[in-house]
2 protein chains.
Amino acid sequence: MATVSRTLNGSSLVRPATAERVRKVVQELGYVPNSSARSLSSGKSNLFGVVISDITNPFFPELISNFESLALKNGYEVVFANTNYDPERLDHALRRMVERRVEGVAILTSEVHDSAITMLRRQNIPVVTLQQQTVQQGSIIKVDHSVGIAEAIAHLMELGHRDIAFIAGPSDLWSARKRRDIFAAEIKRNKLTLPAEWIAESDPRPEGGFDAMQALLKLKNRPTAIMATNDLIALGALRAINEAGLDVPRDFSIVGIDDIDLVHYVHPPLTTIRIPRPQIAECAFTTLLENSRNPEMKKIQSNLPTQLIVRASTAAPRSN
Amino acid sequence: MATVSRTLNGSSLVRPATAERVRKVVQELGYVPNSSARSLSSGKSNLFGVVISDITNPFFPELISNFESLALKNGYEVVFANTNYDPERLDHALRRMVERRVEGVAILTSEVHDSAITMLRRQNIPVVTLQQQTVQQGSIIKVDHSVGIAEAIAHLMELGHRDIAFIAGPSDLWSARKRRDIFAAEIKRNKLTLPAEWIAESDPRPEGGFDAMQALLKLKNRPTAIMATNDLIALGALRAINEAGLDVPRDFSIVGIDDIDLVHYVHPPLTTIRIPRPQIAECAFTTLLENSRNPEMKKIQSNLPTQLIVRASTAAPRSN
DNA sequence: TTGTACGCGTTATCAT
DNA sequence: ATGATAACGCGTACAA
């Protein structure tokens, strides 16, 4: 029994001939080790948890895909959970992850309460979150949106725009408020005017952007450029513009955030602010890995840049 | 100890007062049960596995999302794996699922070898796959593509098209070959001509569609309509057409397959053949649930319809 | 209604 | 280099 275990775990304390014999029998019997028993006995789960808020937003699958590849390469497995923007589902998901004794959790949602994380910390489980002002525990991946947003506004101004609206995400999501505030601050810094009605609030999905844009189209004082808090919203806005018989970038310039692959494939390809997904995934993984090896739980902070990617959805405003 | 276990599992054989006391202590200690120990002892993992081939294709996240919701509602958890079209990763994923003693696996990839499934069947694990001719074991979800493809061709012919090309997926994927063959048969049935060069082969991602369409554009005898084996490929083709300065549907009509949400949000919105994702997810889940309750493992076969959804990417050909 | 004791499949510790 | 045996944390049959 012990020898079998040793063989399967590649211990060197087993005679090659014996190992061979073991492997043969294993093969014949179709024996597959039981990972529950394994982790119960060893005290190691070899599991990381990843929580995201919307698997339907292409931003996240790429994150997951990258994280999973890294994990597999390092002999870890990954459990996923999709909260669908529902805090209750977040709690459920984290709970289940604790039950599985994951060795670390990456919470890559836009909103996390401290209470959720406290549970994890009580169990001494390393946590990494995306930058969230409300959360002060665990390691944090900061994504510096201000640079990208500043670049975007500068780009639009250079093209001649002075009337820029912003379609924000739901204001109960901290990340959405944060991006909106950065936008507003940057607008102010550039001494542009920003009527209240140019800040729209939207569900973070394309439908939301569609609705928000329809509202903007009804305004008497229309902006000439639209920035959206994510690409999906920007796509929804684009559709609303098209359905109104108007054209991008002739009638409106549009800038998104995220740089999901699909913005290449719409017409016109979207100008957007790239959020470095591969780096986020890598950063989350390595942070978890380090934190789980070093139980001292020193907080790791990282700061990832954003960057404007200019494509065809921005141009000089029509009146120019 | 036993009383604690009973309390946590909601046994009625516990005096309410005791139960309350237990819960309080549990709360204070921050105790969370260990699911490994639980499933080791009970012999039940309460786990289903889901394997998909490309999490980056929006077709799959919706599948996952639906499946996960159903599972949670029924007290099950789900482990996912993304094979990235790599048969080796499929084997790895299935292996890990067996190690976790999942109570069923849904293999929702386009290609599965019998050998992979044999391992699962040896362990008496229920399996459900999408229709795959090579695989004869386990339950099967059939998706009837022929109806949708026939509808699409009829729709194009009604508009006046007679020259229809097909961008197929990689011919080493059985599902890709199958769709292509159905298309070819349907073309023949309608007595249309189908030069060999109108059957393009493509990577199943937008880049593939882009490249394939560029090749089609170089042809002397161009088709007037393009059908693609999935929506992502269709989006790639659409982009290639746009970049060539041409217009859809003026210069080419395009029909995709899948009906992913995003095809609403490109311009023009894509005509496509809807594959019923929610039903696939539900069918996969209920099949697994039934099969895992009834260890007799009777094969369940279901047949799901496809349906043409007409939007704005199809119109009469220009020459008409 | 509660507590005791064994077993689940594996790893780890000790002998051998 | 190998085998016996005690954990790991939970469920459960059985005793109390």
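Since we're looking at a predicted model, the values are computed, not measured.
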Q.
Does anything in residues 21-31 of chain A form a salt bridge (Lys or Arg N to Asp or Glu O under 4.0 Å)? List the pairs, not counting sequence neighbours.
A.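 Pairs touching residues 21-31 of chain A that pass the test: A/Glu20-A/Arg23.
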Let me know the distance between [atom1] of [X] and [atom2] of [N], rounded to the nearest Å.
X       : N      : atom1 : atom2 : value
B/Lys44 : D/dC10 : NZ    : P     : 18 Å
A/Glu99 : D/dG11 : CD    : P     : 10 Å
B/Leu13 : C/dG3  : CG    : P     : 13 Å

In 5'-to-3' order, the base (B), backbone-only (S) or no-contact (-) status of each nucleotide in nucleotides 8-16 of chain C, using a 4.0 angstrom heavy-atom cut-off, is BBBBBB---
Check whether A/Ser53 reaches the backbone of A/Tyr85 with its side chain - one donor and one acceptor, N or O, closer than 3.5 Å.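 No, A/Ser53 side chain to A/Tyr85 backbone: no donor-acceptor pair under 3.5 Å.
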Do any N or O atoms from the side chain of B/Asn84 and from the backbone of B/Asp86 form a donor-acceptor pair under 3.5 angstrom?
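Answer holds: no.
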Handout entry: Under-4.0 Å side-chain N/O to phosphate OP1/OP2 contact, A/Thr3 with D/dT2
Key =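 False: A/Thr3 side-chain N/O out of range (4.0 Å or more) of D/dT2 OP1/OP2.
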### Query
So, B/Glu77 and B/Arg100, do they make that salt bridge, N to O below 4.0 Å?
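No, this pair does not count.
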Next item on the list: Check the pair B/Arg89 / A/Ser69 against side chain to side chain contact (heavy atoms under 4.5 Å, CB included), numbers first and verdict last.
Entry: CA-CA 10 Å; B/Arg89 274 184 75 162; A/Ser69 295; 3.8 Å; yes
**Message:** Going by ring-ring contact (aromatic ring centres under 6.0 Å, His included), name the residues that satisfy it together with B/Tyr76, two or more places apart in sequence or in a different chain.
**Reply:**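 Partners of B/Tyr76 under the ring-ring contact (aromatic ring centres under 6.0 Å, His included) test: B/Phe48.
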query: Using the C1' atoms of the five pairs at each end, what is the angle between the end axes of the helix from C/dT1-D/dA16 to C/dT16-D/dA1, to 10°?
result: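 That helix has its two terminal axes inclined by roughly 40°.
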### Task
Apply side chain to side chain contact (heavy atoms under 4.5 Å, CB included) to the pair A/Phe60 and A/Leu63, showing each step before the final yes or no.
CA-CA 5 Å; A/Phe60 292 107; A/Leu63 225 44; 4.0 Å; yes
Practice problem: Mind running a 4.0 Å heavy-atom check of residues 16-24 of chain A against DNA chain D and sending the residues that fall below it, in number order? | Solution: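 Those residues are A/Thr18.
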For a quick test of your reading: what N or O donor-acceptor pairs under 3.5 Å do the side chains of residues 280-287 of chain A make, sequence neighbours left out?
unit_1: A/Thr286; atom_1: OG1; unit_2: A/Glu282; atom_2: O; d: 3.0
unit_1: A/Thr286; atom_1: OG1; unit_2: A/Cys283; atom_2: O; d: 3.3
unit_1: A/Thr287; atom_1: OG1; unit_2: A/Cys283; atom_2: O; d: 2.6

- prompt: Can you tell if the side chain of A/Asn34 reaches within under 4.5 Å of the side chain of B/Arg101, non-hydrogen atoms only?
  reply: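 With C-beta onward as the side chain, the pair touches.
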- request: Test B/Thr56 against A/Asp261 for side chain to side chain donor-acceptor pair (under 3.5 Å), laying out the working first.
  value: CA-CA 9 Å; B/Thr56 266; A/Asp261 263 5; over 6 Å; no
